[in-house]
Structures are given as C-alpha cells and as structure tokens.
**Q** 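Attaching a single structure in structure tokens format; questions to follow.
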Amino acid sequence: MDIAKVIVDVPAKDTDRTFDYLIPDSMRTWIEPGSRVAVPFGKRTVQGFVTSMQPEAEPSRFKLRPLQELLDLVPPLSPDLVELGEWMSERYACSRILALQAMIPTALKGKAERYISLADRPVADEAPADAGALLEDDGMSDPVERGIVTYIRSKQQVALQALSRQFPQEAAVIKALLRRGVLQESQTIRDKLQKKMLKAVNLAVPVEEAEAALDDFPKKAQRQKEVLAFLLERKEFLPLPLKEVLASLHVSAAAVKALENKGHLRIEDVEVFRDPYRGRYFKPTQPLKLTGEQQYVFERVIRQLETREQGAFLLHGVTGSGKTEIYLQTISHCIEQGRQAIVLVPEISLTPQMVERFKGRFGDQVAVMHSRLSGGERYDEWRKIREGRVKVAIGARSAVFAPFAKLGLIIMDEEHESSYKQEETPKYHARDVAIRRSHQHGAVVILGSATPALESYHAARSQSNDEFAPLLLEMHTRALGNTLPEVRIVDMRDELREGNRSMFSRALHDGIAGRLERGEQTVLLLNRRGYSTFVMCRSCGYVAGCPECDISLTYHQRSNNLRCHYCGYAAPAPEVCPDCGSEHIRYFGTGTQRVEEELAKLFPGIRVIRMDVDTTTEKGSHEKLLTRFREKKADVLLGTQMVAKGLDFPDVTLVGVITADSSLNLPDFRAAEKTFQLLTQVAGRAGRHQLPGEVFIQSYTPDHYSIIHASRHDYASFIRDELNHRRSLHYPPYCRLIMVTFSHEQLPVLVRLAENFKASLEGKARKLGWFGAMDRFTPDVLDILGPVASPVPRIKNRYRFQCMIKWRGQIDAVGLVRNVVDEMADAVQRQHLQISLDVDPQMLM
DNA sequence: AGCACGCCGACT
DNA sequence: GTCGGCGTGCTC
C-alpha cells in the first residue's frame with residue numbers, strides 16, 4: 001500500500017516533521033499533496049496535511065497506521081503552497097504546521113471530537129456472557145447504566161461532550177462502561193467552522209391550517225394569537241428570526257414556545273448567509289486613459305506578463321501619480337491571459353472605497369479578505385478563490401496565500417508598510433512570500449509605493465542577482481497634473497523662545513482659526529507610535545541618544561535613568577540639557593486626549609473628531625468617524641497615523657503635524673524612514689481638490705533630513721542621506737537582523753541562559769570565521785548585540801531578554817542561530833525557558 | 001500539545 | 001497501604 005507523509009497539527013519541536021501513514025484504498029484517488037486528513041496519533045486523532053506520497057511502503061521500522069479520514073474533497077492547500085510552507089519554515093524558523101496553518105482560514109483548523117457509541121461486538125474475555133446480554137435486552141442490573149446505554153443506542157453515536165451534558169453526574173459510570181467494553185470511544189476531526197446559525201420561527205403546519213387555528217384561538221392566549229397572526233402576515237418571508245419577532249411584538253419567548261408546544265410553529269436553526277458585500281451595488285468603471293508615464297510602466301509590466309516568466313517591479317510613484325489605475329489595467333490583462341491576481345493592501349487601507357474601486361472594475365470576480373470579516377465570512381471568500389469562482393483576491397497580508405491555481409500577478413500596494421510583516425509566528429513578510437510565490441508560478445510582482453522601503457529601493461537600484469531584487473519603475477508626476485502642496489516647517493524652539501509654551505505654534509493656531517471662520521476643515525496628525533518616552537530639550541531640540549547605536553534612549557521611571565534597547569547602554573537621566581544647559585528638558589509623549597483638551601481651551605465650541613486606538617476599536621468605528629468628518633459634522637480631525645490614510649476630503653485645506661519629532665526619536669533605527677514616509681504621505685494628501693492646501697509640520701529638530709526632504713517631497717535626497725546613515729551604522733539594508741527573545745520566570749536564570757546562548761553562537765560563528773564586528777572588512781560577518789532586557793521587560797510574570805544578531809554575506813545565519821537554539825532544547829524543556837526568533841524584524845521597540 | 005507511565009509525598 | 005502530584009518520553 002502507498003504511504004502518505006503527513007505533517008500533524010501538534011506544534012512541538014519534536015513533532016515538526018512528517019509522519020508516515022498507509023493510504024487506504026478508498027482514499028487512494030483522493031489523496032494529494034495538500035490534502036487535509038485526520039490521522040491517529042498515539043492515543044488521539046489529530047489533523048494533518050499530506051506533503052507527499054510514496055509508492056510503496058518499504059519495510060518500515062514502524063508499524064504504520066492508516067489515514068483515518070479525508071477531511072475535504074478539494075485539498076485546501078495546493079502542492080505549491082505545501083512547498084511554500086517548507087520554505088517559510090526554514091526562512092522564518094518556525095514549525096511547518098504553523099507555516100501551513102497561516103495559509104488557510106482558521107475555520108479549517110479542526111480539532112478532535114470524541115464520540116461514544118455502543119461497542120461493535122461484545123467483548124468476550126472481560127465480561128463474557130454479561131455484555132452480550134446487555135446489548136440484547138438492556139438486561140442490566142443498574143438502572144443508571146441502562147439509561148445511558150438506551151440513550152446512546154437511540155442516537156447511534158453521541159459526542160462525549162453532549163453525553164456529559166445529558167448525564168452530568170454519571171461520568172464514573174460512563175468510564176466504567178467504556179472500560180468494560182460495553183461502550184467504545186472514537187474520535188473525528190471537526191472543523192472549527194463557525195457556521196452562523198440563527199434561531200428562527202417557522203410555521204409547522206400549512207398556512208390554511210394556521211389561519212383556521214387563528215380564528216378559534218382561546219381568548220386568554222392573546223399574545224400567542226398575535227405571534228401567529230404576525231407570522232401569517234409575513235408568510236412569504238418565513239422563517240423569521242426569533243429575535244425580530246420578539247422585538248416587533250414585545251412578547252416574551254414564552255408565548256412563542258407555547259405555540260411550538262401546541263404544534264402550530266417550529267423554532268429552527270437556520271444558517272445565516274454570509275456575503276459581506278451582498279446587496280451592495282458597485283458602480284461599474286471603465287479603464288482611464290493613461291498618461292505617458294503610466295503608459296510606459298503599464299507596457300513594461302505587460303511585456304513581462306506576456307513572457308509568463310517571473311518578474312518583480314518596484315513601482316515608485318509620487319502620491320497621486322495613478323498607481324491604482326495601473327494595477328487595475330494590468331489585472332485586466334492578467335485575467336485575459338486566463339490567470340488570476342492578488343492585490344495586497346495594508347489592513348488599514350482596506351476601506352469600502354478601496355474595495356469599490358476593484359469591485360467597480362471587476363464586479364463579482366473579486367473576493368475580499370478582510371480581518372474584520374467573521375471566521376465564516378473569511379472562509380466563504382476563501383472558498384470562492386480556491387474553487388476558481390473569482391479571478392481577483394484583494395486583502396491584507398495573509399491574502400498573499402490566496403489559493404489560485406494559475407497565479408499571474410501579485411500587487412502589493414504601499415509596499416513599505418510595516419503591517420506586511422506578521423508579528424506573530426510565523427513571522428513572515430508578505431513581500432518576501434509574494435516574490436517567492438511569483439517564482440513558483442512564473443508570475444509578476446508589482447511593489448507600489450510613493451515612499452518605498454529602503455530595503456526594496458536599495459535592492460532594486462543595486463541590481464543584485466538576488467532572487468528578491470525588483471526592477472525599478474518610477475513615476476514623478478501626478479496623473480491629474482496638479483502640483484504637490486506647499487509644506488511649511490515650523491521651528492518649535494523659536495516658539496518657546498518667544499514665549500509660546502503651547503503645543504500649537506502661532507502659525508498653526510492662526511491657520512486653524514482661519515479655517516473655522518471660513519468653514520473649512522483641518523486635519524491634525526499626532527504621529528506618536530508605541531508608548532516609550534524619550535528625553536528632549538525644548539530649547540535646543542537635543543535628544544538623548546545612545547553613543548553606540550545612534551537611537552534614542554528610553555526613559556525608565558523606576559530607575560530614573562536612560563537606556564538603550566539595542567545594546568543595554570545606560571546613563572542617568574539629566575536634569576539640565578547637556579548641550580545647552582537649559583532646564584526645559586523633559587520626557588516626551590503627548591497623547592491625542594491632551595491635544596483635544598487644548599483645542600477646546602483655545603477654540604471654545606470647536607468640533608473635534610478624535611481618532612486613535614481608544615475611539616476606533618469598535619467594528620466599523622474608523623469608517624464611521626471618517627464619514628462624519630466628510631459630512632462636515634466636525635471642524636477638526638485629530639488622530640494618529642490612521643488619519644493619514646483616509647485623508648481625501650475636498651474641504652480639508654489645512655494639515656498640521658503637531659510634533660514631527662515624536663516618531664523621529666523612537667528607539668528604532670527605522671524611525672527616520674517611518675517619519676519621512678508618514679510626513680510625505682500627509683503632505684501628499686492635502687490640496688487634492690480645488691481649494692489650495694497648506695501643510696504645517698511642527699518640529700523641535702526642523703533641520704533633520706527626514707523632515708526637510710519630506711517637506712520638499714524629495715524621496716531621492718532622503719534615500720541618499722538615509723542610506724549613508726544606515727551604511728555607516730551597519731543597519732539594514734547593509735546587513736540583516738535576527739532578533740532572539742528569551743523569556744523565563746526567574747531573572748537570574750534568564751540572564752544566564754541568554755548569556756549561554758550568546759557564548760555558544762559566538763563560538764560557532766568564530767569557528768566558521770564569521771564572527772566579528774560589522775565594520776570588519778570581510779563580506780561574511782555575524783555580530784551579536786546584547787543580551788539586554790526587552791523593551792517590555794516582563795510579560796505575564798516572565799522576564800524577557802533579547803539578543804540582536806546582525807549579519808551579512810553568503811552565510812546561513814538563520815540556520816546557525818536555529819542550530820544553537822536547538823542545542824538549548826534541554827534548558828527549554830527542563831527549565832521552562834522560552835525562545836522566539838524573529839528573522840528580519842520590523843518592530844524593534 | 002496531550003496522554004501515559006512512573007516515582008515520591010499526604011491522606012483514608 | 002492508596003490517591004494524585006507533575007517530571008519524562010513518545011506519537012508513523
């Protein structure tokens with residue numbers, strides 16, 4: 001018999017490999033790489049994925065067991081996705097099963113359910129004559145036992161859970177019956193399918209009969225009569241949701257229940273239909289005429305598509321240059337080729353307007369994968385893709401795994417967004433996965449952005465032979481021909497010097513006042529991310545930074561000192577500014593709430609919409625707030641980065657950035673890049689319509705290159721400066737990073753083990769000739785920073801330490817690190833150490 | 001991860 | 001004496 005190699009759903013170190021199973025003849029034609037199966041695993045039944053099959057079971061050391069069940073007729077994973085999973089598990093140092101699970105909806109994460117049924121045949125040796133007799137005629141001495149057996153017989157088989165509910169006190173009896181072989185247990189995998197069920201009311205008898213019953217209804221049962229009449233009135237809409245009936249008539253469930261008991265009606269479970277966009281009309285759109293620049297880009301991409309060979313492009317186009325129209329037209333072309341396309345957008349940009357643009361062009365050939373969909377809705381959208389009923393999948397990060405058979409095009413919009421990196425295991429980057437998939441399918445990738453990530457831009461420009469290097473395409477002008485808005489930098493040090501201690505400069509204050517008078521709108525951006533505080537001098541703009549790592553030091557209140565999160569450097573918190581001696585040195589980090597309060601104080605009666613994590617957690621609230629603002633029900637929209645996204649309102653003529661510095665001084669080597677991207681994005685959004693726009697950027701460090709270049713919409717200069725900076729300090733793209741985080745309940749043990757790790761890794765790297773500082777004059781280098789306390793030093797009673805590994809060249813750094821981690825398996829097991837790896841981390845705070 | 005086996009302390 | 005704590009090892 002053939003054997004199947006199966007990855008089982010048991011996320012542990014020593015089960016992270018395939019297990020062999022015999023393929024029963026009944027399943028032979030159905031089993032493929034990617035099939036989801038139920039397999040016996042020790043005492044239990046678990047879910048697994050077939051990775052490959054082998055023709056004949058060579059004499060094995062193991063007694064192979066057969067596959068128990070095939071869980072889907074169409075495999076949820078295609079062979080290429082199985083292979084992709086293998087690649088992911090290596091590249092991101094995660095288990096195979098987690099890589100595979102990241103690719104499919106959680107609805108398909110089945111769990112074992114235990115069933116109880118009567119034993120197939122009496123067990124001869126343990127309970128000879130007795131058992132047979134029991135089965136024949138319930139001739140049991142114990143009435144409780146008889147009750148249980150009778151119940152199970154009536155149902156054929158009962159889930160253990162349901163049985164325990166039915167007989168809550170009799171667990172011991174059930175156990176005994178199992179032991180005696182009267183009952184037997186089996187397990188199957190049950191999908192975690194959240195089929196949306198709803199209690200609904202329906203007539204249990206023909207309409208005429210119900211109408212007749214209505215006529216001679218007992219007088220005292222008026223409520224029941226009302227219910228019945230209500231149902232008959234709406235007979236063509238039956239079954240009606242129970243909730244609705246109760247609410248419209250203000251009756252209690254008792255009345256309905258009574259009618260059910262009398263046999264007039266029935267309360268049933270109906271499945272609720274799940275199409276998040278059902279009943280919505282999307283206005284069809286036609287392809288727009290492309291500008292010269294657009295045409296050039298379009299043709300270059302089409303040429304690549306025509307070859308049906310892999311190709312990747314980095315489309316760098318200024319805001320408003322018309323990237324989306326290029327996406328739409330290349331997708332059309334891809335569909336005409338008989339292939340399918342994936343569109344990736346950052347979670348936060350996946351707004352109804354965004355969806356509308358694609359549904360407007362491609363109608364119901366589009367599936368949308370949105371994190372706000374319920375598990376069931378996601379599952380249904382995903383099935384449309386797998387069954388080939390749609391040609392385009394649009395969604396956030398995980399849509400990169402859309403199971404298309406003939407993938408021709410993957411578009412990643414706003415490719416610089418850090419949300420493309422998953423922060424949980426498997427910690428993959430959708431950009432890398434996209435490019436890897438494109439190689440498997442001979443597909444084309446378009447990475448689009450007005451402010452490409454440094455890594456992408458550098459890879460494109462250096463034209464390396466790296467399989468991940470894209471080809472650069474640029475668009476410098478706006479499609480509609482309007483110019484980018486004027487941006488003014490306001491030096492907040494001057495404000496302080498001249499006696500203005502408020503968070504609003506005089507210019508911004510006057511700007512807001514003017515907008516209020518004219519009935520125009522203002523957007524205020526507070527670009528604060530994370531919660532760490534840094535120390536800055538309000539007189540001169542000095543920021544305490546690490547002498548070794550050139551990132552801001554973080555203030556720690558408990559010890560009243562400043563620390564570096566990369567290398568562990570610590571210094572006492574200064575009382576006066578070390579640079580200018582001013583006493584106006586303090587911790588920074590203003591919240592949106594404080595800005596809102598100050599606005600109310602300065603402009604009595606001002607209508608402010610505040611948008612931050614506090615006001616947008618509720619489903620759809622983000623959208624609601626923006627709509628309210630669009631309808632001019634507020635004068636000011638105030639928020640964190642999220643306001644920068646939906647920013648396309650005709651009456652917004654002023655955009656103010658409260659302090660550009662707050663994201664600039666985060667302890668993250670990407671701080672300047674993130675700041676530049678955010679400011680550019682904000683600046684590019686204002687004045688898109690008739691009214692001219694103004695942008696004010698307030699800053700205590702107005703000379704910083706990221707602020708100056710952003711104000712001039714000058715990506716090229718920013719890139720030049722930032723690359724120089726990264727090169728001199730040995731940060732990506734001039735090296736790569738691996739973050740290793742250790743956690744343990746006891747701090748001393750944790751520190752010792754983290755040091756052990758470092759020593760071991762260093763030793764191995766030395767032997768290979770890799771170990772050394774990054775400024776060493778060799779191509780292959782690996783350096784280890786730390787271990788130091790993590791930015792969040794304790795989570796759930798576990799202390800956390802981390803090591804950052806910097807490396808470059810043609811070395812298998814991930815493999816080596818993994819190797820060292822594997823060798824610490826003993827400590828992990830015995831001392832409950834936890835180790836987590838993040839390859840190419842994005843968030844370093 | 002679970003589930004069983006097995007070896008030691010606190011109870012009827 | 002036994003019940004049950006959780007350390008250790010295994011799952012095709």
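A note on names: the letters A, B, ... follow the listed sequences, proteins ahead of strands, and every chain is numbered from 1. Being a predicted model, the structure only gives us computed values, none of them experimental.
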**Q** Taking the six-membered ring where the residue is Trp, are the ring centres of Tyr151(A) and Phe167(A) under 6.0 Å apart?
**A** yes

**Q** Rounded to the nearest 0.5 Å, how far does CZ of Arg752(A) lie from CD of Gln831(A)?
**A** 5.5 Å

**Q** Identify whether the distance between the nearest side-chain nitrogen and carboxylate oxygen of Lys806(A) and Asp783(A) falls below 4.0 Å.
**A** no

**Q** Could you tell me how far apart Arg830(A) (CZ) and dG7(C) (P) are, to the nearest whole angstrom?
**A** 12 Å

**Q** Will you find, in the side chains of Arg44(A) and Gln187(A), an N or O donor that is under 3.5 Å from an N or O acceptor?
**A** no

**Q** Where along residues 820-829 of chain A does a heavy atom come under 4.0 Å from DNA chain B, residue by residue in number order?
**A** none

**Q** What's the CZ-P distance between Phe19(A) and dC12(C), to the nearest Å?
**A** 7 Å

**Q** Counting only heavy atoms not in Gln156(A), do more than 12 sit closer than 6.0 Å to its CD atom?
**A** no

**Q** What closest approach, in Å, do Ile385(A) and Pro403(A) show between heavy atoms, and which atom pair accounts for it?
**A** CG2-CD, 3.6 Å

**Q** Figure out the CD1/C1' separation between Ile23(A) and dC12(C), and round it to whole Å.
**A** 13 Å

**Q** In terms of side-chain heavy atoms, does Gln802(A) have a donor or acceptor partner in Ser790(A) at a distance below 3.5 Å?
**A** yes

**Q** Send over the distance from Phe49(A) CZ to dC12(C) P, rounded to a whole Å.
**A** 18 Å

**Q** For the CH2 atom of Trp87(A) and the OH atom of Tyr428(A), what is their distance to the nearest 0.5 Å?
**A** 11.5 Å

**Q** In sequence, state the C-alpha distance, the side-chain angles, and the governing distance for Leu77(A) and Ile104(A), and then conclude on side-chain contact (heavy atoms from CB on, under 4.5 Å).
**A** CA-CA 8 Å; Leu77(A) 295 169; Ile104(A) 57 172; 3.6 Å; yes

**Q** Between Arg91(A) and Glu86(A) (salt bridge meaning N to carboxylate O under 4.0 Å), is one present in this structure?
**A** no

**Q** Looking at DNA chain B, which of residues 84-103 of chain A put a heavy atom within less than 4.0 Å of it?
**A** none

**Q** Distance check needed: dT11(C) C1' versus Gln47(A) CD, whole Å only.
**A** 17 Å

**Q** Pairing donors with acceptors under 3.5 angstrom, does anything connect the side chains of Thr45(A) and Gln68(A)?
**A** yes

**Q** Would you tabulate the pairs of protein nitrogen or oxygen atoms and nucleotide nitrogen or oxygen atoms of nucleotides 1-4 of chain B closer than 3.5 angstrom?
**A**
residue, atom, partner, partner atom, Å
dA1(B), OP2, Pro11(A), O, 3.3
dA1(B), N3, Arg44(A), NH2, 3.1
dG2(B), OP1, Arg44(A), NH1, 3.1
dG2(B), O4', Arg44(A), NH1, 3.4

